[in-house]
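Before any comments, here is the structure.
Because the structure is predicted, anything quoted here is derived from the model rather than measured. In what follows, residues are counted from 1 in the order of the sequence shown.
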Amino acid sequence: MNFDGFDLNLLVAFNALMLERNVTKAAALAGVSQPAMSAALARLRRVFDDPLFIRSAEGLLPTVKAQEMAIPVADALGQVRHLMKPPEVFDPNDKQRSFTLGLTEYPLHVLLPALTQKLATLAPNCTIHVRYFIDRDEVVALLDAGKIDIAVGVPPTKAENRILSQPLLRDGFVTLVASDHPIAREDMNMQAFLAMPHLLVSPEGNRYGLVDQKLREQGLARNISLTLPTMFTVPDLLPGTNYVATVLSRVATTYTRQDRFVIFEPPLELPSIPFDLLWHRRTQDSAAHQWLRQIIKQVGDTL
């Protein structure tokens, strides 16, 4: 295609480079050879008078100009594709389809049970694979590489325009102690809170968390006696100990033996934590992916 002397196929190459951040992978995505993709990148640089992509150890990093172009180019190509072919129709009852979900610990326990029940009814021929991840920023690499189709987790620390998202769940914090602890019959004030040995949940293995950050802002510190990587094991560790743990509220409310602990409001102000539905821009218009995102959102709305 040609528009006022500009080859519109260069926009296809640009979009592929933006998605893959690698010339070889972009060439495969666009269905051209690696030399052809390299030549297209050279032409793009001349046309826009900008490097567009800078080589680095992490792959091709887009310049500010490339980031400004990314969404308009992707939207324009999406509209062209929509005009050139009828929209995909996905019927979960007729098709055997496999999806890979990326989940952190919280949605694995809170969302997945209800989601699997709904999918078993609505899409009996679909296969669901679950890939567990820990680092909130790992999701970007997993979606980029196509290792997962959709993810649910805390939003990445840095927004990427090729990674789309939708709010799904939020949860606040509660403070837990064993039901047989003397404090269980009293009030959990700051003095009592700081006097107790604390249990810290850190999937990344850190020894400093959000509670410590908020305490530090007040010139305070707590005594951490136990760190562990998973939050949903906390209720099992409290009975018979002096530990106090501050965790997301559904850790407590979804536990079957709630007589084993007592729930307090934390004696300091803590923000609620968001969990987003995340996917890659290249799957935005897929009818199958749109259907699954809708089902996940429906389940999330009931929790």
Quick one: salt bridge (charged side-chain N to carboxylate O under 4.0 Å, His left out) pairs with a partner in [range], sequence neighbours left out?
range: residues 124-153; answer: Asp144-Arg162
range: residues 179-193; answer: none
range: residues 239-265; answer: Asp171-Arg250, Asp236-Arg260, Arg257-Asp259

With a 4.5 Å limit on heavy-atom distance, are the side chains of [X] and [Y] in contact?
X: Phe275; Y: Thr104; answer: yes
X: Pro229; Y: Ile134; answer: no
X: Met188; Y: Val177; answer: yes
X: Thr246; Y: Leu268; answer: no

Going from [atom1] on [X] to [atom2] on [Y], what distance comes out if it is rounded to the nearest 0.5 angstrom?
X: Asn15; Y: Glu20; atom1: CG; atom2: CD; result: 10.0 Å
X: Met37; Y: Leu41; atom1: CE; atom2: CG; result: 9.0 Å
X: Ile224; Y: Arg207; atom1: CD1; atom2: CZ; result: 9.5 Å
X: Ile128; Y: Leu112; atom1: CD1; atom2: CG; result: 9.0 Å
X: Arg43; Y: Asp7; atom1: CZ; atom2: CG; result: 5.0 Å
X: Asn125; Y: Leu119; atom1: CG; atom2: CG; result: 12.0 Å

Is the Tyr243-His181 ring centre distance short of 6.0 angstrom?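 No - the distance between ring centres of Tyr243 and His181 does not fall below the 6.0 Å cut-off.
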
Check the hydrophobic clustering (I, L, V, M, F, W, Y; side-chain heavy atoms under 4.5 Å; chains of links allowed) and say if [X] and [Y] are grouped together.
X: Leu115; Y: Val130; result: yes
X: Leu29; Y: Val12; result: no
X: Tyr132; Y: Val251; result: yes
X: Ile273; Y: Tyr208; result: no
X: Val247; Y: Met196; result: yes

Charged N-O contact under 4.0 Å between Asp212 and Arg216: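 The answer is no: the pair does not qualify as a salt bridge.
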
Results of salt bridge (Lys or Arg N to Asp or Glu O under 4.0 Å) for Lys65 - residues two or more places apart only: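 Counting only residues at least two positions away or on another chain, Lys65 forms no salt bridge (Lys or Arg N to Asp or Glu O under 4.0 Å).
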
Name all residues meeting the salt bridge (Lys or Arg N to Asp or Glu O under 4.0 Å) criterion together with Asp276; count only those two or more places apart in sequence or in a different chain, and write none if there are none.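 With sequence neighbours excluded, Asp276 shows a salt bridge (Lys or Arg N to Asp or Glu O under 4.0 Å) to no residue whatsoever.
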
Just wondering, more than 12 heavy atoms not from [X] lying within 6.0 Å of its [atom1]?
X: Asp301; atom1: CG; value: yes
X: Glu204; atom1: CD; value: yes
X: Gln213; atom1: CD; value: yes

Using the test ring pair (Phe, Tyr, Trp, His ring centres under 6.0 Å), find all partners of Phe232 that sit at least two apart in sequence or belong to another chain.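 For Phe232, the residues satisfying ring pair (Phe, Tyr, Trp, His ring centres under 6.0 Å) (neighbours in sequence not counted) are His109.
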
Once you measure the plane-to-plane angle for Phe99 and His289, does it fall in the parallel (<30°), tilted (30-60°) or perpendicular (>60°) bin?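 Answer is perpendicular, since the angle exceeds 60°.
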
